[in-house]
Participant: 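Below you will find the structure I want to go over with you.
Reckoned from all heavy atoms, side chains included, excluding hydrogens, waters and symmetry mates. Atoms within each ligand, like the ligands themselves, are counted from 1 in listed order.
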Amino acid sequence: MTQIMPSPADAPTPANEFASMVDDRIEEGFFQVDRRSLVDESVFEAERRAIFDKCWLYVGHESELPNNGDYLAREVVGRPLIFWRDVSGELQVYLNSCRHRGALLCRVPEGNAKGLSCFYHAWTYSSTGELSALPDEAGYGAEFDRTRFSLLSPPKVDVYRGFVFCCFDPDAVDLPTYLGQAREYIDLVADQSPEMEVVDGMHEYSMAANWKLFVENSLDGYHLLPLHRTYFDYLKEAEGSFLDPRKATEAEALGGGHAVITVEGPWARPVARWTPAMGEENKAWIDDQRKDLEQRFGPERSRRIAETDRNLLVFPNLVINDIMGIVIRTITPTSAGQTRIAQWSLATKGEPEDVRARRLDSYITFQGPGGLATPDDMEACESCQIGFQTATEAPWSDISRGIEKERSGEPLAASDEIQQRTFWRHWRDLVEG
Ligand code: FES
Ligand code: FE
């Protein structure tokens, strides 16, 4: 029987608890990740402190609160929040915890109200955050000062092109600086029409795998054809279209752990790339969208907006898939081996009903939790997680595709892995401190 032993190059000596988890030796053609980083609860605890307490995190899209008083209960990586458009129309993000003894103030997923009353002792807060009423206030004595008990917000809250983020680190850089080069790709999404809106409803699902596996998967062009064969077979059968491997793709590290892949897929893009799947009756409307884009942005930028599909990672856990539909997706760990995914569809405001229906159908067919791709992705991630039970004997995952091109500065393709390497390098920088 042949025993395959790791070569010395495969097995670097750990320098400390975390320092060796990303084995980044680009000059030697090595990039591998220690699978302990994907199974170990102590790593997850370190991530909470080093990543999720420090980075800007996506809360929601401003269009989800169209009317004054609209609110949503949101959980952002373990912290319950209230996302609320106050009575004056300002967006607010509050900690969803009563200032009295901490109970959840908002206990329903959504609603509209000028104020919310805590179910425990009935302290009541206005949408602008003040403690506006409480039972038997006199019982607290003359020194009681309501203004000490306003709702609290995360230390930093900001909006970029409709995307609302918060950050629990008061010393963090501002949001535009944090987003850096990722802004350009958010702009390509936000510019698709004068007004974009999140479609009513969302998908929530979970998987028994580490959150970083799904981050990797969301940027992984290498798995498309082998893993999603059913979908591409269906597309060929139903629409006569196929993913053309001759078309150029791109992968780019955007700094700060952010990354993007760009492809030109076979599916329609409701923004302005018509295919028969969008219906003859919608062709004129989609062509008009394209003309409008050209007027607003000129030929080159409008071509990028209309023709190219992109998957963007905003470090650490926001993915925007701008493909046959636009999916805003958050990837939230609940433990080292469990992940919750929430996703929303972003669309052109005011598009015809039939275009909207086809957009949603196309999106759900590929990326819905019961679609022809997402269950494949879940299965792949969960399969890796099961495979990691051999992590003691087989400790490394390889992420070296395209490393030679990276070294020589050649353009990288979506099937390369610079996008995952840039995520892991930033992860290492933060978790190692
Ligand atoms: Fe909210 Fe007491 S905990 S009123
Ligand atoms: Fe996939």
Participant: Flag the pair Trp396 / Phe31 as yes when their ring centroid distance falls below 6.0 Å, and as no otherwise.
Facilitator: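 They do not qualify: ring centres at least 6.0 Å apart.
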
Participant: Check Leu131, Leu95, Leu105 against Leu151 for a side chain to side chain contact (heavy atoms under 4.5 Å, CB included) and give me the one that passes.
Facilitator: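 Looking at Leu131, Leu95, Leu105, the match for Leu151 under the side chain to side chain contact (heavy atoms under 4.5 Å, CB included) is Leu105.
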
Participant: Fit a plane to each ring of His426 and Phe315, take the angle between them on a 0 to 90° scale, and name the class: parallel (under 30°), tilted (30 to 60°) or perpendicular (over 60°).
Facilitator: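 Rings of His426 and Phe315: perpendicular, as their planes differ by over 60°.
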
Participant: List ligand 1 atoms under 4.0 Å from Trp123, heavy atoms only on the residue side.
Facilitator: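 Going through ligand 1 atom by atom, the ones under 4.0 Å from Trp123 are 4 (S).
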
Participant: Of all the N, O or S atoms in His100, which has the shortest distance to atom 2 (Fe) of ligand 1?
Facilitator: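 Going by distance to atom 2 (Fe) of ligand 1, the closest N, O or S atom in His100 is ND1.
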
Participant: Between Glu216 and Trp424, is any pair of side-chain heavy atoms under 4.5 Å apart?
Facilitator: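 Glu216 reaches Trp424 side chain to side chain.
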
Participant: Heavy-atom contacts with Ala122 under 4.0 Å: which atoms of ligand 1 show up? List them by number with element.
Facilitator: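 Under 4.0 Å from Ala122, ligand 1 has these atoms: 4 (S).
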
Participant: For the Fe ion (ligand 2), what is the number of protein N, O or S atoms at a distance under 2.8 Å?
Facilitator: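 Excluding waters, the total comes to 4.
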
Participant: Report the relative orientation of the aromatic rings in Phe144 and Trp123; use parallel for angles under 30°, tilted for 30 to 60°, perpendicular for over 60°.
Facilitator: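 The rings of Phe144 and Trp123 stand perpendicular, inter-plane angle above 60°.
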
Participant: Examine distances only and state if a side-chain atom of Glu28 and a backbone atom of Arg25 form a donor-acceptor pair shorter than 3.5 Å.
Facilitator: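 Answer holds: no.
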
Participant: N/O/S atom of Cys98 under 2.8 Å from atom 2 (Fe) of ligand 1, yes or no?
Facilitator: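 Of the N, O and S atoms in Cys98, none lies under 2.8 Å from atom 2 (Fe) of ligand 1, which means no.
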
Participant: Test of understanding: with side-chain contact (heavy atoms from CB on, under 4.5 Å), list the residues that count as partners of Asp376, not counting sequence neighbours.
Facilitator: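 Counting only residues at least two positions away or on another chain, Asp376 forms a side-chain contact (heavy atoms from CB on, under 4.5 Å) with Leu227, His228.
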
Participant: In the structure I gave you, are the side-chain heavy atoms of Ser218 and Arg329 within less than 4.5 Å of one another anywhere?
Facilitator: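 Yes, side chains in contact.
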
Participant: List ligand 1 atoms under 4.0 Å from Cys118, heavy atoms only on the residue side.
Facilitator: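 Per the distance check, 1 (Fe), 3 (S), 4 (S).
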
Participant: Suppose we call two aromatic rings close when their centres sit under 6.0 Å apart. Are Phe83 and Tyr71 close by that rule?
Facilitator: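 No, ring centres 6.0 Å or more apart.
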
Participant: Looking only at protein heavy atoms, which one is nearest to atom 2 (Fe) of ligand 1, and how far off is it?
Facilitator: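 The closest one turns out to be His121 ND1, 2.0 Å.
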
